[in-house]
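In what follows, chains are A, B, ... by sequence order, proteins preceding strands, each numbered from 1.
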Amino acid sequence: MLDIKQIRSEVLKIEELLKRRNKEINLQSLINLDQDCRKLITESESLQSEVKAKSKEIGLAMKENGNADAIKSQVSDLKIKKESVDLKLKDLEEKIKNILLTTPNIPHESVPIGTNEDDNIEVRTWGKPNDYEFEALNHDDLGVSLGILDFERAAKISGARFTFLSGAGAQLERALINFMLDEHRERGYIEYCPPLLVLPETMLATGQLPKFEEDLYKTNVGSYLIPTAEVPLTSLYKDEFINVNSTKKLTAYTPCFRSEAGSAGKDVKGMIRQHQFDKVELVKICHPDNSYDELESMTDDAENILRKLNLPYRTVVLCTGDMGFNAAKTYDIEVWLPGQNKYREISSCSNCTDFQARRANIKFKEDKKNLHVHTLNGSGLAVGRTLVAVLENYQQKDGSIQIPDVLVPYMNGKKIINKEGK
RNA sequence: GGAGAGAUGGCUGAGCGGUCGAAAGCACAUCCUUGCUAAGGAUGCGUACCUUCGGGUACCUAGGGUUCGAAUCCCUAUCUCUCCGCCA
């Protein structure tokens with residue numbers, strides 16, 4: 001959520017920056033609503049003030065002579081007036097809140113201007129995509145023929161976009177999770193194991209609601225399955241004043257649930273785009289002065305996993321048109337997938353500045369002022385896609401998979417995945 | 001699931017229809033006294049919004065209601081605790 005006070009004082013600048021997202025933005029109408037609203041607040045409050053004063057008079061009059069009918073009728077007149085003012089006020093406040101809750105974050109000045117992913121800018125690459133002497137296979141062909149991935153049976157019991165992992169596949173998934181968490185812990189992140197179901201207000205706090213409800217799974221009791229651990233981790237300090245002298249660094253492994261509304265036909269094969277997937281998430285909560293430095297180091301924390309796994313990747317900075325709702329600046333990390341012969345997103349690291357903190361009401365005190373913290377989040381990494389990358393990049397000519405060195409200890413010493421019987 | 005009890009400021013805890021944004025204690029901040037590692041005293045100490053910068057308004061879990069007036073009475077929800085049952 002943007003700061004209405006900032007919008008008042010810098011309408012033109014903010015409007016210009018928001019337009020870079022290629023969305024229709026009209027802040028002037030918001031400003032007008034805000035002005036009307038404040039007038040009504042003043043009016044309502046002064047009426048209320050009168051009511052209170054008169055009510056006190058009634059108390060005194062009753063004590064003295066037991067009769068206060070004259071003042072009582074004055075009060076009821078005031079209350080009728082106030083009621084009609086309040087009705088208008090409520091309507092206006094609703095409208096303003098709606099606009100604010102559905103307006104995206106302001107892109108940072110350094111974010112390249114563009115309309116879609118073609119305008120993203122590569123900032124670095126690492127590793128060299130393998131030149132295979134044989135034709136590289138897709139992870140799904142590899143996984144199915146090795147007997148470690150089963151899409152058909154998953155579809156039978158859960159529908160499209162689910163996968164059964166088994167044997168060495170399931171073990172590899174778990175190995176990746178543990179490896180990632182251990183790496184992040186060594187870099188100062190505290191490990192969490194958060195709830196997977198959250199209340200609607202939590203989704204509002206991190207920006208999934210009210211705008212993106214169709215992407216979420218809702219339960220029969222009104223709570224939602226998390227689409228990412230960013231949701232519970234960022235909201236950990238909801239409605240609190242916290243100390244940000246040192247940045248809070250949190251990490252968590254969780255399953256993530258996404259309805260994938262609107263992505264019909266995209267990545268239908270394999271486990272690239274699933275309704276349920278595992279992810280290790282990184283979240284930072286910090287002082288506003290540090291958030292852009294923290295974004296750089298968080299992105300490096302995510303890239304570190306790929307370097308240790310020896311998986312080639314590139315990092316791009318998203319252009320204004322491709323950035324998510326919450327973000328002021330985002331780096332995507334894309335891993336090389338030889339089976340698809342291209343780079344695919346495996347992590348997205350964003351600085352959300354005070355956008356989520358304002359919604360979640362997370363503040364800190366400085367010089368007697370109450371200020372909002374900055375929040376950042378990034379995948380560190382999407383585990384399913386990492387498994388895909390391992391399968392495709394470590395495939396051998398005979399269809400077996402070599403286990404990356406750093407994962408061998410997490411695989412109980414196993415160094416290669418061969419075809420499994422079932 | 002059944003039966004009770006409760007939810008007040010950073011914490012503990014009073015208040016049970018007007019003088020309550022809320023006693024008291026603890027914690028915290030500044031200052032004073034003293035002198036020595038502790039004590040005494042003074043003052044201050046919530047959040048948010050509006051403002052003609054004097055002030056004003058809202059908030060005692062949340063949402064409704066009663067009343068001229070609600071932290072205080074009534075209803076509903078949520079959460080916490082205790083006992084019983086069940087359960088991974």
Query raised in the report: Mind checking the C1' distance from B:G65 to B:U30? Whole angstroms is fine.
Result: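 Going atom to atom, C1' in each nucleotide, I get 47 Å.
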
Query raised in the report: Between B:G46 and B:G21, how far is it from one P atom to the other, in whole Å?
Result: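 Per the computed distance, 15 Å lies between those P atoms.
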
Query raised in the report: Would you say A:R273 and A:S263 make side-chain contact, with heavy atoms under 4.5 Å?
Result: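 They are in contact (side-chain heavy atoms under 4.5 Å apart), so the answer is yes.
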
Query raised in the report: Does the side chain of A:Y224 come within less than 4.5 Å of A:E213's, by heavy atoms?
Result: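 A:E213 reaches A:Y224 side chain to side chain.
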
Within this structure, what is the [atom1]-to-[atom2] distance between [X] and [N], rounded to whole angstrom?
X      : N     : atom1 : atom2 : answer
A:E201 : B:U78 : CD    : P     : 13 Å
A:K79  : B:U67 : NZ    : P     : 8 Å
A:I41  : B:A58 : CD1   : P     : 13 Å
A:F241 : B:C11 : CZ    : C1'   : 17 Å
A:L78  : B:U57 : CG    : C1'   : 15 Å

Query raised in the report: Could you give all pairs that pass the ring pair (Phe, Tyr, Trp, His ring centres under 6.0 Å) test and reach residues 98-117 of chain A, with sequence neighbours left out?
Result: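 Listed once each, the pairs are A:H108-A:Y292.
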
Looking for any heavy atom pair under 4.0 Å, which part of the strands does [X] touch: base, sugar-phosphate only, or nothing?
X      : value
A:R358 : nothing
A:K82  : nothing
A:K39  : nothing

Report task. Could you label the plane-to-plane angle of the A:F179 and A:Y410 rings as parallel, tilted or perpendicular, counting under 30° as parallel and over 60° as perpendicular? Result ->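 Ring orientation of A:F179 relative to A:Y410: perpendicular.
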
Short side-chain N/O contact from [X] to OP1 or OP2 of [N], under 4.0 Å:
X     : N     : value
A:Q48 : B:G56 : no
A:S55 : B:G18 : no
A:R38 : B:C49 : no
A:K52 : B:G18 : no

